[in-house]
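In each ligand, atom 1 is the first atom listed, and ligand 1 is the first ligand listed. Below, each value reflects all heavy atoms present in this structure, side chains not excepted, and no hydrogens, waters or symmetry copies. Nothing fancy with the numbering, it's 1 onward along the sequence.
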Amino acid sequence: MTHFLSILDFSTQELQELLDLSIRLKKLYKSGGRDLCLSGKVLAMLFEKVSLRTRVSFQVAMSDLGGTAIYLKPEDIGIIGKREPAKDMARVFSRYVDGIMARTFSHETLLELARWSTVPVINALSDWSHPCQVMADMMTILEHFGRLEGLTLAYVGDGNNVARSLAEACARFGLRYQIASPKEYMLDDQTLTEAEKARPGTVFTTNKPAEAVRNADIIYTDTWVSMGQEAEKEKRIADFQGFQVNAELLAKAPAHAKIMHCLPAYRGYEITDEVAESKNSIIFDQAENRLHFQRALLKKLLS
Ligand code: CP
Ligand code: NVA
């Protein structure tokens, strides 16, 4: 394992080993233990977009492992490649630090950083995918259900970066993925083809939320307006009417279905406050597991 850019770059076994390590380290840290395997190591964190969870959880994870993190905020680096090419930045960073974590607008920027970097590059969200998020999500599902294989995850909303990584993770871990989106916002063909190749029959697409949640063990949603799409906000809100995760939709799902959201959640839009705060909601467990998964990832990549 060199870079961590996409779920499908790894085998089920490699991903399972990362989850096992995440769970082991979570137990260790919860019981007051420490693993200072990254003592003296430095992670550069490059952000073209804002962040709460990703920034703080990576910084805490580095500190937990005895290392240091440098936060470069959007105003510091601007758009990668604007002041100097990504390939130059990657080579300069490689001379200073032991790992690079980047949140970029374009996925191509991440790939370019990885191409030129001699230290591991981690995808901290791009327009294309959000693999750290969905690995924390798989860990959360595993903790709540005791297994992944054979579960049904319904996603209601935009076929975006999070939805795409979920499709890949479901293919790798053997969940059925039922995604309901308005016609214009459906998961792209490339992702559907790759998921089908990874595990035939993983993804079922529909334009009807009720059809997706009918037999779901988990109901997942994300914002209708991702970072960088602010100019489309009004149109998107209009286009996504009928795709809210609310009590009416949950009435059509099994009573045991857990509610997930990567956060930040826009209550009153993709999810109601009532559902986000309901007893079946596990959204804060997901947020917590970002830390536990990334601690394991950093140990694996940087030590
Ligand atoms: N879920 C997530 O990545 O949150 P942030 O944008 O706050 O990092
Ligand atoms: N789809 C959202 C995820 C935020 C964590 C975005 O890209 O803004």
Side-chain angles (χ1 to χ4, degrees), residues 4-7 22 43 45-62 69 71-74 77 79-80 101-110 122-141 155-169 179-182 184-188 191 218 220-233 235-237 239-240 243-245 259-267 269-271 276 281-295 297-298:
F4 188 76
L5 301 173
S6 164
I7 296 290
S22 307
L43 177 75
M45 308 196 297
L46 281 57
F47 283 89
E48 288 186 340
K49 311 175 185 178
V50 293
S51 166
L52 187 165
R53 279 145 293 273
T54 306
R55 184 224 166 151
V56 178
S57 56
F58 264 104
Q59 186 144 3
V60 171
M62 275 309 282
Y71 171 55
L72 292 138
K73 56 184 184 296
I77 57 159
I79 303 292
I80 296 171
M101 185 235 77
R103 168 168 287 193
T104 61
F105 281 100
S106 144
H107 190 68
E108 186 47 45
T109 305
L110 257 178
I122 298 171
N123 178 353
L125 179 148
S126 71
D127 280 0
W128 185 252
S129 58
H130 199 2
C132 290
Q133 177 67 49
V134 307
M135 284 299 285
D137 296 339
M138 292 297 130
M139 179 179 174
T140 309
I141 296 170
Y155 178 99
V156 178
D158 191 11
N160 62 14
N161 43 10
V162 171
R164 198 170 283 122
S165 290
L166 280 171
E168 298 181 359
I179 174 166
S181 316
E184 232 186 285
Y185 302 91
M186 289 176 77
L187 215 51
D188 60 289
T191 301
I218 302 126
Y220 198 122
T221 188
D222 182 20
T223 182
W224 295 337
V225 188
S226 283
M227 291 179 276
Q229 299 173 336
E230 291 77 8
E232 301 166 30
K233 186 171 171 185
K235 174 174 165 39
R236 285 180 160 264
I237 289 172
D239 291 346
F240 279 96
F243 286 78
Q244 185 184 64
V245 175
I259 305 301
M260 297 183 77
H261 192 307
C262 59
L263 301 177
Y266 298 90
R267 291 164 165 85
Y269 294 94
E270 76 273 9
I271 193 165
S281 166
I282 54 172
I283 61 184
F284 294 104
D285 295 337
Q286 290 175 258
E288 177 181 340
N289 280 336
R290 292 293 304 277
L291 167 63
H292 303 301
F293 167 69
Q294 288 154 200
R295 206 197 275 120
L297 179 68
L298 289 167

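Scored by the side-chain contact (heavy atoms from CB on, under 4.5 Å) test, Q244 finds W224, N246, T272 as partners (sequence neighbours excluded). Checked against side-chain hydrogen bond (donor to acceptor under 3.5 Å, both in side chains), T54 has the following partners two or more places apart in sequence or in another chain: R103, R290.
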Need the list: ligand 2 N/O atoms against protein N/O atoms, distance under 3.5 Å, rounded to one decimal.
unit_1, atom_1, unit_2, atom_2, d
ligand 2, 1 (N), N160, ND2, 3.3
ligand 2, 1 (N), N161, OD1, 2.9
ligand 2, 1 (N), D222, OD2, 2.7
ligand 2, 1 (N), S226, OG, 2.7
ligand 2, 7 (O), N161, ND2, 2.8
ligand 2, 7 (O), S226, OG, 3.4
ligand 2, 8 (O), M227, N, 2.8

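Formation of a donor-acceptor pair under 3.5 Å by the T104 side chain with backbone atoms of S126 is not found in this model. The backbone N or O of H130 lies less than 3.5 Å from a partner atom in the side chain of S165, making a donor-acceptor pair. Between the side chain of R53 and the backbone N or O of A287 there is no donor-acceptor pair closer than 3.5 Å.
Listed as neighbours of ligand 1 are S51, L52, R53, T54, R103, H130, Q133, C262, L263, R290, each bearing a heavy atom under 4.0 Å from the ligand.
Between Y185 and F240, a ring centre-to-centre spacing shorter than 6.0 Å is recorded.
With S129 as the partner, the side chain to side chain donor-acceptor pair (under 3.5 Å) test is satisfied by one option alone out of N161, N123, T191: N123.
No more than 12 heavy atoms of other residues, nucleotides or ligands sit less than 6.0 Å from atom OH of Y269.
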Would you please test I122 and L298 for side chain to side chain contact (heavy atoms under 4.5 Å, CB included) and show each step?
-> CA-CA 9 Å; I122 298 171; L298 289 167; 3.8 Å; yes

